[in-house]
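Heavy atoms only: backbone and side chains are in, while hydrogens, waters and symmetry mates are out. Nothing here was measured: the structure is a model prediction, and the numbers come from that model.
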Amino acid sequence: MKTRIESVRERIRTAALDAGREPESVRLVAVSKTMPAEMVRRAAEAGLTVMGENYIQESREKVEALADLGLTWHFIGHLQSNKAKYAVRLFDLIHSVDSVKLARELDRQAAKHDKVQDILIQVNTGKEASKSGVYAEEALALVREAGQLDHLAIKGLMTLPPYFNAPEKVRPYFRQLRELRNRIASETLPGVSMAELSMGMTGDFEAAIQEGATLVRIGTAIFGERQ
Ligand SMILES: *Cc1c(COP(=O)(O)O)cnc(C)c1O
């Protein structure tokens with residue numbers, strides 16, 4: 001696993017330098033969904049500090065089992081409002097906020113914990129029925145609404161584009177997210193940051209970095225194939 005992690009880090013570094021960016025401007029989120037806690041522990045021992053999880057029940061167990069490691073946990077899966085209370089307790093950043101209803105419930109739960117919850121707005125750039133996220137043209141309205149909630153801090157946008165086995169086919173969706181980010185940032189809404197762009201996975205993270213990704217979510221290249 002150490003070799004795999006080093007190779008991913010090197011590829012991130014090269015992609016950033018090729019794009020004229022600081023390698024430190026890209027953070028690696030290791031997607032540990034379905035991987036047992038012991039495997040995540042080994043990844044942490046090999047130097048990874050940010051883990052991405054998709055399922056609340058599974059992550060509750062892992063976060064507890066690995067509490068001694070001081071890891072940062074990101075939620076990247078689809079989140080139902082009735083699980084918001086767990087998400088606020090467990091996660092430092094929630095990448096997948098895609099409705100006013102969910103934003104309000106996260107705000108309510110964060111208030112109870114006296115927390116300001118960092119979130120990203122998930123955008124369904126490919127307009128796929130199977131994927132979560134708001135359409136690009138709805139994103140500004142959601143940012144405006146969620147930005148007014150005292151216990152949420154919007155940090156940027158996330159996308160899970162259509163699947164192609166070819167990074168060049170995914171690139172237009174990454175570009176679309178960056179352009180949308182720039183449009184929303186130009187509104188300079190109070191309490192809203194558009195600093196983060198969460199995009200890029202094992203098959204396409206280099207293209208995502210060239211298009212401006214600040215958070216790449218990588219599972220398979222680190223942990224191997226999921227069952
Ligand atoms: C599983 C998952 C990833 C990681 O995918 P890999 O191809 O294994 O790198 C990234 N983002 C989301 C939202 C995921 O669900």
Side-chain angles (χ1 to χ4, degrees), residues 1-55 58-59 62-63 65-77 90-96 118-120 122 155-161 163-171 173-175 177-178 181 193-227:
M1 179 143 46
K2 203 162 173 120
T3 320
R4 282 199 179 135
I5 292 170
E6 272 160 19
S7 149
V8 167
R9 280 203 193 288
E10 190 49 38
R11 285 170 62 191
I12 290 173
R13 195 184 145 72
T14 305
L17 292 174
D18 283 352
R21 301 180 54 197
E22 296 285 341
E24 295 72 34
S25 68
V26 184
R27 280 190 293 155
L28 170 57
V29 179
V31 176
S32 48
K33 65 171 173 234
T34 77
M35 297 299 157
E38 276 320 301
M39 200 134 159
V40 182
R41 181 175 293 277
R42 279 199 279 134
E45 284 163 2
L48 295 183
T49 56
V50 187
M51 301 298 163
E53 286 281 337
N54 290 56
Y55 310 106
E58 181 189 333
S59 51
K62 275 187 238 179
V63 171
L66 302 172
D68 57 305
L69 296 174
L71 292 168
T72 297
W73 295 89
H74 288 192
F75 190 76
I76 64 171
L90 296 167
F91 293 98
D92 301 284
L93 178 65
I94 298 170
H95 290 224
S96 47
D118 288 348
I119 62 163
L120 305 178
Q122 180 172 355
K155 298 293 179 184
L157 305 179
M158 177 273 222
T159 196
L160 185 58
Y163 178 77
F164 294 105
N165 204 356
E168 288 314 313
K169 292 205 174 142
V170 193
R171 185 186 292 273
Y173 299 96
F174 296 148
R175 190 170 299 156
L177 195 73
R178 184 191 64 214
R181 187 273 307 271
S193 160
M194 280 286 126
E196 304 286 0
L197 279 181
S198 168
M199 55 190 198
M201 319 186 350
T202 291
D204 53 28
F205 68 86
E206 281 129 327
I209 291 169
Q210 285 154 9
E211 297 301 331
T214 63
L215 293 162
V216 287
R217 310 179 307 263
I218 301 178
T220 309
I222 292 171
F223 294 104
E225 294 288 341
R226 288 179 291 275
Q227 292 306 310

Between Leu197 and Gly212, the two heavy atoms sitting closest are CD1-O, 3.6 Å

Identified side-chain contact (heavy atoms from CB on, under 4.5 Å) counterpart of Arg42 within the set Met35, Met1, Lys2 = Met1

Taking C-beta and beyond as the side chain, do Glu225 and Thr220 meet within less than 4.5 Å on heavy atoms?
-> yes

Working to the nearest 0.5 Å, report the span between CE of Met194 and CZ of Arg178.
-> 15.5 Å

Any chance you could measure Ile209, atom CD1, to Arg13, atom CZ, to the nearest 0.5 Å?
-> 12.0 Å

Just wondering, do Met51 and Leu66 contact through their side chains at under 4.5 Å, heavy atoms?
-> no

Calculate, to the nearest 0.5 Å, the distance between atoms CG and CD1 belonging to Asn54 and Ile76 respectively.
-> 4.0 Å

Any side-chain heavy-atom pair of Ile222 and Leu28 under 4.5 Å = yes

Taking all heavy atoms of Arg4 and all of Phe223, pick out the closest pair and write down the distance.
-> NH1-C, 3.4 Å

For the residue pair Thr49 and Thr72, establish whether any side-chain heavy-atom pair is separated by less than 4.5 Å.
-> no

Backbone N or O of Ala15 within a donor-acceptor pair of the Gln210 side chain at under 3.5 Å?
-> no

Side chain proximity check, Leu177 to Arg181, heavy atoms < 4.5 angstrom = no

Any side-chain heavy atom of Ile12 sitting closer than 4.5 Å to one from Phe205?
-> yes

Indicate yes or no: at least one non-hydrogen side-chain atom of His95 is less than 4.5 angstrom from one of Glu196.
-> no

In short, Gly203 meets Pro167 closest at the heavy-atom pair O-CG, 3.5 Å

CD (Glu24) with more than 12 external heavy atoms under 6.0 Å = yes

4.5 Å side-chain heavy-atom contact, Leu120 and Leu93 | yes

Please test Arg9 against Glu6 for salt bridge (Lys or Arg N to Asp or Glu O under 4.0 Å), starting from the C-alpha separation and ending with a verdict.
-> CA-CA 5 Å; Arg9 280 203 193 288; Glu6 272 160 19; over 6 Å; no

Find the distance between CG (Asp118) and NE2 (His74) and round it off to the nearest 0.5 Å.
-> 8.5 Å

Do other residues, nucleotides or ligands put more than 12 heavy atoms under 6.0 Å from Asp68 CG?
-> yes

CZ/Phe75 to NZ/Lys33 distance, rounded to the nearest 0.5 angstrom?
-> 10.5 Å

Is the backbone N or O of Thr3 less than 3.5 Å from a side-chain atom of Ser7, with the two atoms forming a donor-acceptor pair by type?
-> no

In short, Thr202 meets Ala221 closest at the heavy-atom pair OG1-N, 3.1 Å

What's the shortest heavy-atom distance between Phe174 and Gly200, and which atoms?
-> CE2-N, 3.8 Å

Shortest non-hydrogen separation from Leu71 to Ala44 and the atoms involved | CD2-CB, 3.9 Å

Non-neighbouring partners of Met201 that pass side-chain contact (heavy atoms from CB on, under 4.5 Å), sequence neighbours left out | Leu160, Asp204, Arg217

Roughly how far apart are Tyr55 OH and Lys62 NZ, rounded to 0.5 Å?
-> 10.0 Å

Using distance alone, with no hydrogens and no angle criterion, decide if Ser32 and Glu53 have a side-chain donor and acceptor under 3.5 Å apart.
-> yes

Indicate whether any N or O donor in one side chain lies under 3.5 Å from an N or O acceptor in the other, for Ser96 and Gln122.
-> no

